[in-house]
Every structure is written in structure tokens, then in C-alpha cells.
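Just below is one structure, and these are the notes that go with it.
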Amino acid sequence: MIAFVSGPVAALAPTTAVIEVGGIGMAVQCTPDTLSALRIGQDARLATSLVVREDSLTLYGFADDDERQVFELLQTASGVGPRLAQAMLAVHRPDALRLAVATGDEKALTAVPGIGRKGAQKLLLELKDRLGEPLGTAGPAIGAAVSQSWRDQLHAALLGLGYATREADEAVAAVTGQAEAMGADPAVGPLLKAALQSLNRAR
């Protein structure tokens, strides 16, 4: 079990960070929100969960131990694999998931790509006694602006992924309408995905 990786960030991609550990580059699958906090060349520490399959070894990375624990607990529900568990954490913080399960909030679960109404109902039943009660407040939606505006956070994330300042400016402009439609505190995670899509179309 690899509990965490720590070292300089060697590379960043839309879904992966490469962390240099003892001269070896460890590829770690991360949510957009986790990736947005990383910068190439700077040290990082990610809690990790190693998923072993017959034909692959995949390392998933998280901002903290709580996220990793929820990631692993989610997979105890039938039909939930690592990709769906990561998608759930890309949309909701751990406490927001606990709150959704504790209150039977189907709408919160169906907001996750790949989960329909019946799937949400089944997950609510299976996870009710597994995730536990919220540890604190659910807090803002994942990636929501706290100390920086969404523009600053998104711009910094794109620069951290290796895009030029001009490209980052254009991508931020491309998703401004989507951000404004989200309200006063838009989530940076979905905006980062949309920005990356706009950059890929432009190339």
C-alpha cells in the first residue's frame, strides 16, 4: 500500500500529476481540483490509494487523508469502481458526500456523471452506514473561490498545467459565460475541464 507520495511535481496533465519520488516519476490520477493546486517544479504531498487490477496498477491521489478514506469507502458499494468514486469526489467534497448520504439527497448524487436516479437511490441505501456523519460543514462546492476569484484560480491552474499566459487568458474568457451562470461562487473544477476542452479545440 502506497499511503502517500511526496516530492517535486515533474509534470501535469488534465487528469494526471507526475511526482518525482527518489528519482522515479510516479503518475497519479487526480481530480481537477487537486491538480489545480499543484505547480510544476514545486514540492507536493498527495495522499494516495493504489488500485490493483490484473493488467494494471493505478495510483489515485488526493489533497488529504480524508478524501482518500472516502474514495476507498465509496468503492465498498456495489457498482462503484475507482473512476466513479473519483468522479464523485470531483463534484463533491467528502463532507458534502456524507451530508448527501445522511439526508438522502438523490439530487446531489445524480449531479455526478454516470449516476442516474436508480443508481443514486441504491448508493444512498448502501452507503448510509459506511460514510458516517459529516465531520464539519459541507463547505462550498469543490473548487469554489475562497480567498481568490475563480478567474485567478483558473488562470493559475492553467499556468501550472504548462499553458502560456495568452492561452490561459483565452481559456478564462471562453468559460466566463459558464462561470457567471453558476452564480456568485462558481466551482473551479468544472470550469477547468471546460477551459481545457476549449484549448484542445483551438489547437
Side-chain angles (χ1 to χ4, degrees), residues 13-17 28-38 46-51 53 56 58-146 150 153-154 157 175 178-198 200:
T15 61
T16 309
V28 187
Q29 298 288 316
C30 303
T31 64
D33 190 64
T34 299
L35 290 169
S36 70
L38 304 179
L46 296 175
T48 56
S49 179
L50 180 63
V51 176
R53 296 286 185 264
S56 67
T58 306
L59 199 59
Y60 290 84
F62 309 92
D64 54 39
D65 292 337
D66 187 37
E67 278 193 7
R68 178 187 61 200
Q69 182 180 21
V70 170
F71 171 79
E72 292 174 347
L73 286 172
L74 289 172
Q75 293 177 73
T76 63
S78 59
V80 178
R83 291 188 181 277
L84 183 56
Q86 189 180 50
M88 293 171 76
L89 285 166
V91 175
H92 298 294
R93 294 184 185 279
D95 253 13
L97 282 172
R98 292 189 186 100
L99 184 62
V101 171
T103 59
D105 188 352
E106 286 182 26
K107 187 176 180 181
L109 294 187
T110 56
V112 179
I115 298 180
R117 185 180 175 187
K118 289 185 178 180
Q121 292 171 343
K122 185 177 179 182
L123 285 173
L124 289 173
L125 287 173
E126 291 194 30
L127 294 172
K128 188 172 183 180
D129 298 322
R130 300 182 193 181
L131 290 187
E133 295 297 318
L135 302 179
T137 59
I142 192 131
V146 177
W150 69 267
Q153 286 185 303
L154 180 57
V175 299
Q178 180 178 337
E180 291 174 347
M182 290 178 167
D185 291 317
V188 174
L191 292 176
L192 179 57
K193 291 180 184 177
L196 291 170
Q197 289 172 352
S198 72
N200 288 334

Query raised in the report: Given Thr58 and Arg53, is the side chain to side chain contact (heavy atoms under 4.5 Å, CB included) satisfied, shown in steps?
Result: CA-CA 8 Å; Thr58 306; Arg53 296 286 185 264; over 6 Å; no
Query raised in the report: Leu97 and Leu74: side chain to side chain contact (heavy atoms under 4.5 Å, CB included), yes or no, with the steps?
Result: CA-CA 10 Å; Leu97 282 172; Leu74 289 172; 4.0 Å; yes
Requested in this report: Begin from the C-alpha positions of Leu84 and Val112 and carry the test side chain to side chain contact (heavy atoms under 4.5 Å, CB included) through to its verdict.
Outcome: CA-CA 9 Å; Leu84 183 56; Val112 179; 4.3 Å; yes
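Residues forming a salt bridge (Lys or Arg N to Asp or Glu O under 4.0 Å) with Asp65 (at least two apart in sequence, or on another chain): Arg68.
Closest non-hydrogen pair, Pro94 versus Val70, comes out as CB-CG2, 3.7 Å. Closest approach of Leu73 to Thr76, counting heavy atoms only: O-OG1, 2.6 Å. Considering all non-hydrogen atoms of both residues, Val91 and Pro113 come closest at CG2-CD, 4.1 Å. In terms of heavy-atom proximity, Ala77 sits nearest to Arg130 at N-NH1, 3.3 Å. Closest non-hydrogen pair, Ile115 versus Ala120, comes out as CG2-N, 3.7 Å. Contact record, Glu72 with Ser49: OE2-OG, 3.0 Å, taken as the closest heavy-atom pair.
At distances below 3.5 Å, not a single donor-acceptor pair connects side-chain atoms of Gln29 with backbone N or O atoms of Pro82. Looking only at distances, no side-chain donor or acceptor of Gln75 sits under 3.5 Å from a matching main-chain atom of Ala85.
The distance from the CD atom of Glu67 to the OG1 atom of Thr48 is 12.5 Å, given to the nearest 0.5 Å. Distance check, rounded to the nearest 0.5 Å: CG of Leu89 to SG of Cys30 gives 11.5 Å. Taking CG of Asp95 as the start and CG of Leu131 as the end, the distance is 10.0 Å to the nearest 0.5 Å. Distance check: Phe71 CZ to Asp66 CG gives 14.0 Å after rounding to the nearest 0.5 Å. Met88 contributes atom CE, which lies 7.5 Å from atom NE2 of His92 (distance to the nearest 0.5 angstrom). Rounding to the nearest 0.5 angstrom, the gap separating the CG atom in Leu35 from the CG atom in Leu46 is 8.5 Å.
Met182 places a side-chain heavy atom less than 4.5 Å from the side chain of Leu191.
Other residues, nucleotides and ligands contribute at most 12 non-hydrogen atoms within 6.0 Å of the CZ atom of Arg117.
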